[in-house]
Amino acid sequence: MASSVCFGLANDAVMAELERGGKLEGLSKKEAKQLAGSLVKDRVPALAEQIVGRLGNAGFASVEAANGYINIAFDSNRMAERLIGEVLERGPEYGNAPGIDELVMIEHSQPNTHKAFHVGHLRNSCLGVSLSHIMKAAGYRVQDANYIGDIGMHVIKCLWCYQNFHQGEEPADPIARGRWLGEIYAEADARLNYRKDVLDFLLLLSTEDQQFIAAIDRMLKYLWREGGAGDDVVGEDIAYLLGRVANAQPIKDELLYRQDVIPRFWPIVGEQLADAIDHPRILPPVEGAPEPTTTPEERVAVWRKLETHMQEWWVPSMTWRDDVKAMFQLWEERDPDFVNLWEETREWSLADFRRIFDELGASFDIWFFESQVEEPGKQIVRELLEREIAEVSDGLPVVKIDEKLGLKTETYRTLPILRSDGTTLYSTKDLALTRQKFEEHGVDRAIWVVDVRQALYFQQIFKILELMGFEQAGDAYHLPYEMVRLPEGVISSRKGNVPVYDDIRDAVVARAREIIEEKNPEMPLADKERVSWEVAIGSLKYAMLARDNNKMITFDLDEALSFDGHTAPYIQYAHARACRILEHAGVTVEDLAGSLDRFDLGAVASEELSLLQAIAALPDDVRQAAAEYRPLVIANYVFDLAKRFNDFYHACPVLQSEEPVRTARLALVAATRQALANGLGLLGIAAPTVM
RNA sequence: GCCCUCGUAGCUCAAUGGAUAGAGCGCUUGGCUUCGAACCAAGAGGUUGGGGGUUCGAUCCCCUCCGAGGGUACCA
């Protein structure tokens, strides 16, 4: 234990002396401080010495001054005896705080049905699961809530794509259907964005590819000769394209007379792009033109990707967005056939999610579904309109929050609470759900584990409820966390680079299995299966938790596959080693607890002291982690503890040492094992006894 | 424009007002006949983005500038 009070005392003493001596007269405040500052530095060590001299040992094992600090040491053996006694007695409860009569609901994991569960969802679930354990350890009563996005535009898009292009193609294996549905959604997204992608690409070419601009005139003349000569309508379209590209302006597809102009233009664009690579020409730089953001090779790659669907998609895609909107109306009318389809496919995704949550150790007391809060949400909108908190602006109900609060600077802005066609938004549903949490579930505090991009949104929701006079809005907290990225950039279904959870898990489990095969080939088969799973999932979880909430995580599969260093397996390994030592000794925890009245480590080694201090820190760290909603505190704790344990067993032989040290060290090992298991448990990570 | 977050060793990250700013990865060197080497030891590596302020004391709090990312009315 160290104390830094000397600095403050020295400062007071120096200032008092200076004043008494009249040395401060005529000096500005700043000069006085500087003078005092220079004297304080020299004074502190002497003062510390003085205090130590006066204090003597004062009942402590030792009291000494160092660098102006007073270091107080307890009798290590007595402290160790008490600490280890507490750990062994409380067992899995060690570290927990006394109960508090407060019910906290933690909403996390919110995946959307009809979409893939990916590495971004993984961070959310890991955070939610761990926070739930930590809050329980800190004494709160906790309810875990899930909130499934089972309706909304994404569902409609997916079902539209399924019904029009893939009906009857679903895999026979029921457990593969959720994932397959996710792929259908991705295709729906690609189809619905296809026109925009094509036109954006042409705009990109016309802004940064000098050769393309130079060739555009020639290309369009060729197009004219090939198919359009004598057709005035095509001629107009060609003139339009020429004008837009030459001036680097966006092309508007609705202004084209003939929808097949783009598909006919497309192969010529491809030839031109290929030609630009084969015969690069240096064109004079254009004044003020921005540096190209893409290489010719990248441009060809994009062209090829779009080319695969050009003939099939371009013309029909004209009406797709309207088709999707029409389908949304089927939902609004609760069209029986549509509802049947929705229920069936929804269940495919839910089956997938239940399996994944089971793998992740996420259990929920309550499952909320977006589809269930649409009606209560609409009711709240009506109420808000009646009470004139909301108003209709640009054809849809919104709440102008700043205006209602009388704020002059823009802070909460305006939130739409219903679409102009009467269909619900995320906000419609969250208003209802928030009220339900407090009123129907009687919680005292509600926490939302949702990514940071929705920070403003949640402030808006909570403020609107406050405007309604809903007092408990003050007990609603959004816990924001940063995104998961990939080494090559953001995760984006548009780019098709979404790492799906199942794939990552398979890779990591396989790697864990490989290492066990290598290190521990004689392990029984069932153990190999279980342990490789525990290590793999633990490793993934630790990577998600050992980073502060407000820091981006760059997910690198190669790193995830490495189990060395600052990882869960390092900590799990320390735990397994501790278990093995106890197993060799053939003693039970009860034996060791009973031996504590004769506890004697002899001369306590620095590694032992350091380990004891780490074990003792758990209750404080639990408090801090809960107060700050930061599992990172516990992730740091277990790593630090494992590290100190490694130091300990390399420096201090346990089984070979003489009594009474042997038994005392065994008790220390048992306490370490317990603290490691408890810490890992708070993170939702398994503590295998063998690896 | 306005608001939020981040900037620490080559890379990925800790440390939130106190002692000489710590780990991991990577690099160099050493340690398995020993309670399990998924480990340990040693070495190299820092003007904590720049500047100012508050404080006895600042990576941490405040101001400002630079750089990166995100949000900002009918996506969720």
Side-chain angles (χ1 to χ4, degrees), chain A residues 2-12 14-15 33-34 36-41 43-44 66-69 71 110 112 115 149 152-154 370 393-400 409-421 423-430 450-457 460 480 482-483 485 490 512 515-516 518-520 535 546-548 550-554 556 559 562-567 569-574 576-578 580-585 632 635-636 639-640 642-643 646-647 649-657 665-666 669 690-691:
Chain A
S3 172
S4 59
V5 292
C6 301
F7 288 91
L9 289 173
N11 185 50
D12 292 347
V14 167
M15 286 303 278
K33 271 180 186 166
Q34 271 172 0
S38 62
L39 294 171
V40 165
K41 219 175 176 182
R43 191 64 166 280
V44 170
N67 290 336
Y69 286 78
N71 291 331
Q110 316 100 335
N112 288 333
K115 273 177 136 177
M153 194 55 87
H154 66 280
E370 286 192 31
S393 167
D394 291 342
L396 70 155
V398 302
V399 180
K400 296 187 173 171
T409 52
E410 74 176 17
T411 309
Y412 299 105
R413 302 173 155 266
T414 297
L415 185 70
I417 52 177
L418 204 63
R419 285 201 188 89
S420 50
D421 63 2
T423 58
T424 62
L425 288 166
Y426 199 55
S427 55
T428 323
K429 296 171 256 190
D430 249 332
V450 179
D451 77 75
V452 68
R453 288 178 303 188
Q454 293 178 48
L456 173 62
Y457 165 77
Q460 293 173 320
E482 263 295 350
M483 308 303 297
R485 301 171 42 106
V490 292
I515 294 175
I516 289 173
E518 177 195 324
K519 310 261 182 190
N520 213 342
V535 167
R547 200 124 315 177
D548 221 336
N550 60 358
K551 293 279 175 58
M552 289 243 197
I553 290 179
T554 302
D556 185 343
E559 261 173 48
S562 159
F563 298 150
D564 296 330
H566 194 176
T567 62
Y570 174 93
I571 300 152
Q572 292 171 315
Y573 184 72
R577 293 290 303 271
R580 180 54 60 87
I581 292 172
L582 294 169
E583 189 191 313
H584 277 299
L632 168 67
N636 285 345
F639 180 69
D640 181 60
K643 202 165 169 42
N646 281 334
D647 287 344
Y649 74 60
H650 277 93
C652 307
V654 176
L655 298 176
Q656 285 99 335
S657 55
R665 284 185 175 164
L666 278 169
V669 171
V690 289
M691 284 174 69

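Quantities reported herein were computed from a predicted structural model and do not represent experimental measurements. In what follows, every chain begins at residue 1, and chains take the letters A, B, ... in the order their sequences are listed.
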- Decide yes or no, distance alone: a donor-acceptor N/O pair under 3.5 angstrom between the base of A38(B) and the side-chain of Q572(A).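 Absent.
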
- Message: Between A38(B) and T567(A), counting only base atoms on the nucleotide and side-chain atoms on the residue, is there a donor-acceptor pair under 3.5 Å?
- Response: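 Such a pair does not exist between side chain and base.
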
Measuring from the side chain of [X] (C-beta onward, heavy atoms only), which nucleotide among [options] has the closest atom?
X       : options                : answer
L425(A) : G36(B), C74(B), C35(B) : C74(B)
N550(A) : C6(B), A76(B), A38(B)  : C6(B)
R453(A) : G36(B), C2(B), G70(B)  : G70(B)
V398(A) : A76(B), G36(B), A73(B) : A73(B)
D647(A) : A41(B), G36(B), C74(B) : A41(B)
Q656(A) : C35(B), C74(B), A38(B) : C35(B)

Report yes if a side-chain nitrogen or oxygen of [X] is closer than 4.0 Å to either non-bridging phosphate oxygen (OP1 or OP2) of [N]; otherwise report no.
X       : N      : result
K551(A) : C6(B)  : no
R577(A) : A38(B) : no
N636(A) : A15(B) : yes

From [atom1] of [X] over to [atom2] of [N], roughly how many Å is that when rounded to an integer?
X       : N      : atom1 : atom2 : answer
I516(A) : A38(B) : CD1   : C1'   : 10 Å
N646(A) : A37(B) : CG    : C1'   : 11 Å
Q460(A) : C74(B) : CD    : P     : 11 Å

With a 3.5 Å limit on both atom pairs, tell me what [N] is paired to, counting Watson-Crick and G-U wobble, or say none.
N      : result
G1(B)  : U72(B)
U48(B) : none
U20(B) : none

Using the [atom1] atoms only, state how far [M] lies from [N], rounded to an integer number of Å.
N      : M      : atom1 : value
G46(B) : A21(B) : P     : 12 Å
C63(B) : G10(B) : C1'   : 33 Å
G51(B) : U8(B)  : P     : 16 Å

Please write out the pairs of protein N or O atoms and N or O atoms of nucleotides 27-29 of chain B separated by less than 3.5 Å, giving the distance to one decimal.
none

